[in-house]
Undergrad: 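Below is the structure I would like to discuss, written out as structure tokens.
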Number of protein chains: 2
Amino acid sequence: MTAAAANQSGRGPTHTRRMERAGIRDVAAAAGVSITTVSDALNGKGRLPDETRSKVREVAERLGYRPSAAARTLRTGRSGLIGLTVTTYGQEPFTFTEFAYFAEMARAATSAALTRGYALVVLPATSRHDVWGNVALDGTVVIDPADHDPMVAELYRQGLPVVSDGKPGNCPVTAWVDNDHASAVLEILDHLAEAGARRIGLLTGTSTDTYTRLSTEAYLGWCRRVGQEPLYEAYPAHDPCAGAVAADRLLARPDRPDAVYGLFDPNGTDLLAAARRYGLRVPEDLLLVCCSESDVYASTEPPITTLSLKPQRIGTTVVNLLIDAIEGVGAFAGRGGHRLGGSGLSGGRAAYVPPPAYGEIPEGQLMPTELIIRRSSQRRSPRTTVSAPRVPGEG
Amino acid sequence: MTAAAANQSGRGPTHTRRMERAGIRDVAAAAGVSITTVSDALNGKGRLPDETRSKVREVAERLGYRPSAAARTLRTGRSGLIGLTVTTYGQEPFTFTEFAYFAEMARAATSAALTRGYALVVLPATSRHDVWGNVALDGTVVIDPADHDPMVAELYRQGLPVVSDGKPGNCPVTAWVDNDHASAVLEILDHLAEAGARRIGLLTGTSTDTYTRLSTEAYLGWCRRVGQEPLYEAYPAHDPCAGAVAADRLLARPDRPDAVYGLFDPNGTDLLAAARRYGLRVPEDLLLVCCSESDVYASTEPPITTLSLKPQRIGTTVVNLLIDAIEGVGAFAGRGGHRLGGSGLSGGRAAYVPPPAYGEIPEGQLMPTELIIRRSSQRRSPRTTVSAPRVPGEG
DNA sequence: ATGAAAGCGCTAACAC
DNA sequence: GTGTTAGCGCTTTCAT
């Protein structure tokens, strides 16, 4: 019970209790107003004179009053919390690639959430609902959900909005965002071919995630189309050593490629090291591109052309989509059938979370990538440029 | 209102409402018992016949009943949530070292928390209380808090237990855990000297965090003691390229060291590469040790001796200390003065969180590190061994 | 413009 | 053994 309640009820002697947290009633009493006024003043609701408002705020400040999150949540049905779930988290160690991407993405997501008054909590995907039972989430962002992900399905079933980063294989989500991986790969291959490459190799992964799969497929399709024999090495992406070895193997082949695209962050340095071992000059003998969010590649010798997936943009978009779904605004305002429409309970609980679109095709969105062209992929003009978005169908 | 409440009150026509989440009253009604029985059955409290218990559980399951975290928290005053705050998170990109350490530590912390019925939420340290206002935390783990960290101070002031990973410089915490960095460095230096090193160099960082500071000081002290001139290069640890350059510089000196200890994860490979450039054989011409949690160093050529900070152990310890403080058990059960002692409210709110020890010296704990000896630091017997804990005062 | 009162969904006394 | 009851601290009608 709050100190105020204890005093009001008159029960119990005047124990010098250890600093109990001040409650809204304490503030009301100290400010000489009612708790309603305190609530309104602090939340910017109601029509109060600025004077009252500021006085209440001041008293609250002085008393170190912190509203109880639990009480507010219970009352309003909204926690102001959204989850960020990393599927790979807590299982295998991150690959550096995964991590650099995740760090950027999470940072952007956090500030996007904050801007809209939400806090973002990072939750491990492990342990099905042990965790989820303790937190009241208004919605969740899922990074790269597995096919038929049971956790996602459960959340969705509970009527919680779920937005995924990465096109979901086979689980129900409210919306998803992904890069256009296929286009990105084609853009790179075209770029390399334009720079004079005749045999473009690929350093890819052995795992079956969407990114690896789509990218590799795009590469194979391109090879088929231009009549080049595929030249690739696949390795377990989570093992940095395997990456170095694979890079070496790729350049050791009798039909050695004259250009290579590496799908993972460390591939750039690995390929550079391997090229050095074989006495290959970059870019004269070998053109190099890799996918990375790291800017170390701006200062390698030579600087390496990289593909950025723009995780900041993804993080921001994902969070905004999620909050739109939670609040039933934006793209989710007009979608018929699965909001309050028809039940006519306009006076019901405030802004009840609209269940996601049952059985409908989720809102999907492809985000552009950015090719940062540096010396490693240019035979001629060694200027640093940023490519314009790729126009499809130019091959 | 819950569906059950709507039915009981008899108000409102039989709207075919959209699947509202089942409440405890719905379960009680469906099972033909009271809500108390439901609560007790689901929480394993009370003395109910197993029959009732299982029936209730079954009905709850069938209805897809999920207890409301907010309501439970409001009622019990406990959320079952503990925060894990990474100071560096959300600001600068992690260094690889920081990250490998963090990933391991977080994994261990998560499962330790889970074992004791808590969930762990990772929160960015940014934005003082915007975030914290939304979550009801029972306590927080802080990784490497800055001196006079305002966030930690605020949490502490609120009476929330705070346990830090890394000895806190100048902020009040309930308890802390850290490695014995000084001893670890001395152990390594002794080990290298024993292997025949005469001029041991150090690759260190330019930042002022406790780890870097303590380690460097220990190195300098050791040099003074044995009469060796210090040989070190410091670089900004968050920049991998700078690390490679610093490694190169260290080996390029006219007074080139014959052994090097690198404080950060990538130093091992950087030093190895630099050694190769200068035609130095490891371990014949140069002994190498670095601090790392990565097992890639088991399979480099040659394998490199590493110091592990044992982040799993740290994570587990930190969480268990925190939960002990929250529940007022373990090391925190006997501490006089700052628990319920004296106020005699035995029947008060269940296990009220004891405020941390105001003005007392926080519980501190030094955890051992582990030196994993591999070929890079051995002139003779190239066997892989694990050292025993260092016995101080053997120099 | 302000306050009184009704709960949000749950748990823990305490009746029965 | 099981049910009744009183709130946890807050927001939100609805009176005044």
Side-chain angles (χ1 to χ4, degrees), chain A residues 1-6 8-9 11 20-29 31-53 55-56 60 65-80 133 136 346-352, chain B residues 1-6 8-9 11 20-29 31-53 55-56 60 65-80 133 136 346-352:
Chain A
M1 101 183 39
T2 63
Q8 281 169 8
S9 68
R11 327 189 232 121
E20 305 244 3
R21 250 179 64 176
I24 196 174
R25 282 189 272 272
D26 302 284
V27 179
V33 294
S34 81
I35 61 171
T36 309
T37 306
V38 174
S39 177
D40 284 350
L42 263 31
N43 296 325
K45 308 238 168 136
R47 299 90 44 99
L48 306 177
D50 285 353
E51 188 192 356
T52 312
R53 218 175 274 280
K55 168 160 195 193
V56 168
Y65 168 68
R66 315 263 52 184
S68 147
R72 203 221 316 285
T73 301
L74 178 57
R75 179 64 234 230
T76 62
R78 298 268 274 269
S79 64
S346 59
R349 18 187 346 170
Y352 182 72
Chain B
M1 91 182 54
T2 63
Q8 280 171 6
S9 68
R11 317 189 239 125
E20 306 243 5
R21 250 180 65 178
I24 197 174
R25 284 190 272 273
D26 303 283
V27 178
V33 294
S34 82
I35 60 171
T36 307
T37 307
V38 174
S39 178
D40 285 350
L42 261 32
N43 295 325
K45 307 242 168 133
R47 300 87 47 96
L48 306 178
D50 285 354
E51 189 191 355
T52 312
R53 218 175 273 280
K55 167 154 197 200
V56 169
Y65 167 69
R66 314 260 54 182
S68 149
R72 205 219 316 285
T73 301
L74 180 56
R75 178 63 234 222
T76 62
R78 298 269 274 267
S79 64
S346 60
R349 9 184 1 168
Y352 180 72

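Within every chain, numbering begins at 1; the chains are lettered A, B, ... in the order of the sequence lines, protein sequences first and strands thereafter. Scope of the values below: all heavy atoms of this structure, side chains included, with no hydrogens, waters or symmetry mates.
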Undergrad: Give the minimum heavy-atom separation between B/V56 and B/V33, together with the two atoms involved.
TA: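 Reported closest heavy-atom pair: CG2-CG2, 4.2 Å.
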Undergrad: When you measure from the side chain of A/S39, which nucleotide among D/dT12, D/dC8, D/dG9 comes out closest?
TA: D/dT12
Undergrad: What are the two closest non-hydrogen atoms of B/A136 and A/A69, and how far apart are they?
TA: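 Looks like N-CB, 4.2 Å.
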Undergrad: Rounded to the Å, how far apart are A/N43 CG and D/dT11 P?
TA: 5 Å
Undergrad: From NZ of A/K45 over to P of D/dT13, roughly how many Å is that when rounded to an integer?
TA: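 Checked: the NZ to P distance equals 9 Å.
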Undergrad: Could you check how far CG of A/L42 sits from P of D/dT11, rounded to whole Å?
TA: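 So the CG-P distance, A/L42 to D/dT11, works out to 8 Å.
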Undergrad: How long is the straight-line distance from CD1 of B/I24 back to CZ of B/R72, given to the nearest 0.5 Å?
TA: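 Between B/R72 CZ and B/I24 CD1, I get 10.0 Å after rounding to 0.5 Å.
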Undergrad: Of the non-hydrogen atoms in B/A28 and B/S34, which two are nearest, and what is the gap between them?
TA: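 Nearest heavy atoms, B/A28 then B/S34: CB-C, 3.7 Å.
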Undergrad: Could you state the CZ-P distance from A/R75 to C/dA5, rounded to the nearest angstrom?
TA: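 Computing the A/R75:CZ to C/dA5:P distance gives 16 Å.
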Undergrad: Are the side chain of A/D40 and the backbone N or O of A/T37 linked by a donor-acceptor pair below 3.5 Å?
TA: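 Not a single qualifying donor-acceptor pair exists.
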Undergrad: Rounded to whole angstroms, how far apart are CZ on B/R72 and P on C/dA12?
TA: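 My rounded result for the distance is 10 Å.
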Undergrad: At what angle, to 10 degrees, do the two end axes of the helix from C/dA1-D/dT16 to C/dC16-D/dG1 meet, given five pairs define each axis?
TA: 40°
Undergrad: Not counting sequence neighbours, which residues clear side-chain hydrogen bond (donor to acceptor under 3.5 Å, both in side chains) with B/T73? List them please.
TA: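 So B/T73 forms no side-chain hydrogen bond (donor to acceptor under 3.5 Å, both in side chains) with any residue.
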Undergrad: CG of B/D26 versus P of C/dC8: gap in Å, rounded?
TA: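 Value for this atom pair: 12 Å.
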Undergrad: I need the CG-C1' distance between B/L74 and C/dC10, as an integer number of Å.
TA: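 Distance check: B/L74 CG to C/dC10 C1' gives 8 Å.
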Undergrad: Would you tabulate the pairs of protein nitrogen or oxygen atoms and nucleotide nitrogen or oxygen atoms of nucleotides 1-4 of chain C closer than 3.5 angstrom?
TA:
from  : atom 1 : to    : atom 2 : distance (Å)
C/dA1 : N7     : A/R47 : NH2    : 3.4
C/dG3 : OP2    : A/S34 : N      : 2.8
C/dG3 : OP2    : A/S34 : OG     : 3.1
C/dG3 : OP2    : A/T37 : OG1    : 2.7
C/dA4 : N6     : A/T36 : OG1    : 2.7

Undergrad: Measure the spacing between CG of B/L48 and NZ of B/K55 and express it to the nearest 0.5 Å.
TA: 13.5 Å
Undergrad: What is the separation between atom CZ on B/R25 and atom C1' on C/dG7, rounded to the nearest whole Å?
TA: 10 Å
